[in-house]
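Worksheet for the structure shown next.
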Amino acid sequence: MAMTYVLVHGAWHTGQCWARVVPRLAASGQPVYTPTLTGYGETRHLLSPDVGLRTHTADVVRLLTEADLHDVVLVGHSYAGMVISAVANEVPERIARLVYLDAMVPADGETAIDVMPVTRTMLGTGWRVPPLPEQPAPFGLFGVTDPGDIAWLRTMMSDQSLRCLEEPVAQDNPALRAIPRTHIHCTVKPEGFDHRPVPAVQPNGEPADVRELAAGHDCMITAPAELAELLLGVGEPVGAGSMRS
């Protein structure tokens, strides 16, 4: 079945972060879209206290409907796990698979803060939430440690709105349960950023599909070939050439 990949970046990033992955996916003949969510990158001038999860959900739903995309492998990195969950709740008929890439995986009514309580430590007194600071190796800046790559990543980064972390996600559409899911976990991560346990059985009744990637959080920058291979192999049994650890 022909599939379309829609790759959704996480907080503080832009669609440009997928630049090293896109040609590898496109070489397989699959269309690839990498939208930049409202308030980031070239749209950072639109950032306001009113920009939140609903805004970003609408961004992606608009892309899917205006481009009339179907059979979509919808990939969400980090905070965008919230976004793809909300999108799938709204337009499940367009989604072939959800891929949670080192991402937040919410239940109905949860916020990003509920899913990852460590995000509370990022909050200040205002509505702007700045990017996390660089950490000592091996964690670096979102898992990126090469100086050139860090410099490139910094060109994309900008603040996000507090509302993104505080708006709850809806997961109440019965059709959502039928969509298969893949979870890709990056194994190099600082304390406090652990993944939630993935239930042994998916909502659609299939066994859980969990892959590991021996990379830091921004694996699309540091391990694009390995990530692309995993994404091209989603839906294959673990061990069928798509596992990297």
Flag the pair [X] / [Y] as yes when at least one side-chain heavy-atom distance between them is below 4.5 Å, and no otherwise.
X      : Y      : value
Val32  : Trp18  : no
Leu64  : Val87  : yes
Leu101 : His185 : no
Val8   : Leu74  : yes
Val6   : Val75  : no
Asp59  : Arg62  : yes
Cys17  : Met156 : yes
Pro180 : Gln202 : yes

Inter-residue atom distance [X].[atom1] - [Y].[atom2], 0.5 Å rounding:
X      : Y      : atom1 : atom2 : answer
Asp71  : Gln30  : CG    : CD    : 10.0 Å
Leu165 : Met116 : CG    : CE    : 11.0 Å
Arg154 : Leu141 : CZ    : CG    : 5.0 Å
Ile113 : Met104 : CD1   : CE    : 9.0 Å
Trp127 : Cys164 : CH2   : SG    : 10.0 Å
Thr38  : Gln160 : OG1   : CD    : 13.0 Å

**Study point:** side chain to side chain contact (heavy atoms under 4.5 Å, CB included) evaluation trace for Met157 with His13
**Key:** CA-CA 5 Å; Met157 306 201 74; His13 290 54; 4.0 Å; yes
Short question: side chain of [X], backbone of [Y] - any donor-acceptor pair under 3.5 Å?
X      : Y      : value
Arg20  : Ile221 : yes
Tyr33  : Thr4   : no
Ser161 : Val51  : yes
Glu167 : Leu53  : yes
Thr34  : Val22  : no
Glu229 : Glu226 : no
Asn173 : Ala175 : yes
Arg44  : Gly41  : yes

- Could you tell me whether Arg177 atom CZ has more than 12 heavy atoms of other residues or ligands within 6.0 Å of it?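 12 or below, so no.
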Shared hydrophobic cluster for [X] and [Y] (ILVMFWY, side-chain gaps under 4.5 Å):
X      : Y      : value
Phe139 : Trp152 : no
Ile150 : Val188 : no
Leu47  : Leu132 : no

| said: Please evaluate residues Leu232 and Tyr5 with respect to the criterion side chain to side chain contact (heavy atoms under 4.5 Å, CB included), reporting the C-alpha separation (whole Å), side-chain torsions for both, the decisive distance (0.1 Å), and the verdict. | reply: CA-CA 9 Å; Leu232 288 169; Tyr5 287 87; 3.9 Å; yes
### Check: His77 ring centre within less than 6.0 Å of Tyr100 ring centre
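No, the ring centres sit 6.0 Å or more apart.
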- Message: Less than 6.0 angstrom separating the ring centers of His9 and Tyr40, yes or no?
- Response: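 Yes, the ring of His9 comes within the 6.0 Å limit of the ring of Tyr40, centre to centre.
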**Request:** List the steps and the verdict of side chain to side chain contact (heavy atoms under 4.5 Å, CB included) for Thr111 and Val169.
**Result:** CA-CA 6 Å; Thr111 68; Val169 65; over 6 Å; no
Minimum heavy-atom distance between [X] and [Y], given as atom pair plus value:
X      : Y      : result
Ala88  : Ile179 : CB-CD1, 4.0 Å
Ala228 : Val21  : CB-CG1, 4.3 Å
Ser85  : Pro106 : OG-CD, 3.4 Å
Ala103 : Gly76  : CB-O, 3.3 Å
Leu7   : Pro35  : O-CD, 3.5 Å
Pro138 : Thr145 : O-CG2, 3.6 Å

Next on the checklist: Holding to salt bridge (charged side-chain N to carboxylate O under 4.0 Å, His left out), I want the full list of residues that pass it with Arg24, two or more places apart in sequence or in another chain.
Outcome noted: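 If we apply the salt bridge (charged side-chain N to carboxylate O under 4.0 Å, His left out) test to Arg24, skipping adjacent residues, there are no hits.
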Determine whether Glu206 and Val201 satisfy the following criterion, side chain to side chain contact (heavy atoms under 4.5 Å, CB included), listing intermediate values before the conclusion. CA-CA 6 Å; Glu206 296 178 359; Val201 179; over 6 Å; no
Between [X] and [Y], is any side-chain donor less than 3.5 angstrom from a side-chain acceptor?
X      : Y      : answer
Thr182 : Arg97  : yes
Asp102 : His195 : yes
His56  : Tyr79  : yes

So among Asp209, Val105, Val99, Asn204, which one has a side chain to side chain contact (heavy atoms under 4.5 Å, CB included) with Arg181?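 Only one option passes, and that is Val105.
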inquiry  = Less than 4.0 angstrom from a charged side-chain N to a carboxylate O is my criterion; do Asp68 and Arg94 meet it?
reply    =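 Salt bridge present between Asp68 and Arg94.
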* To do: Please identify each residue that fulfils side chain to side chain contact (heavy atoms under 4.5 Å, CB included) with Ser78, with sequence neighbours left out.
  =>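 Here the qualifying residues are His217.
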Quick one: name the residues clustered hydrophobically with Leu46, using the 4.5 Å side-chain heavy-atom rule over I, L, V, M, F, W, Y, and just say none if it's on its own.
->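 Members alongside Leu46: none; it stands by itself.
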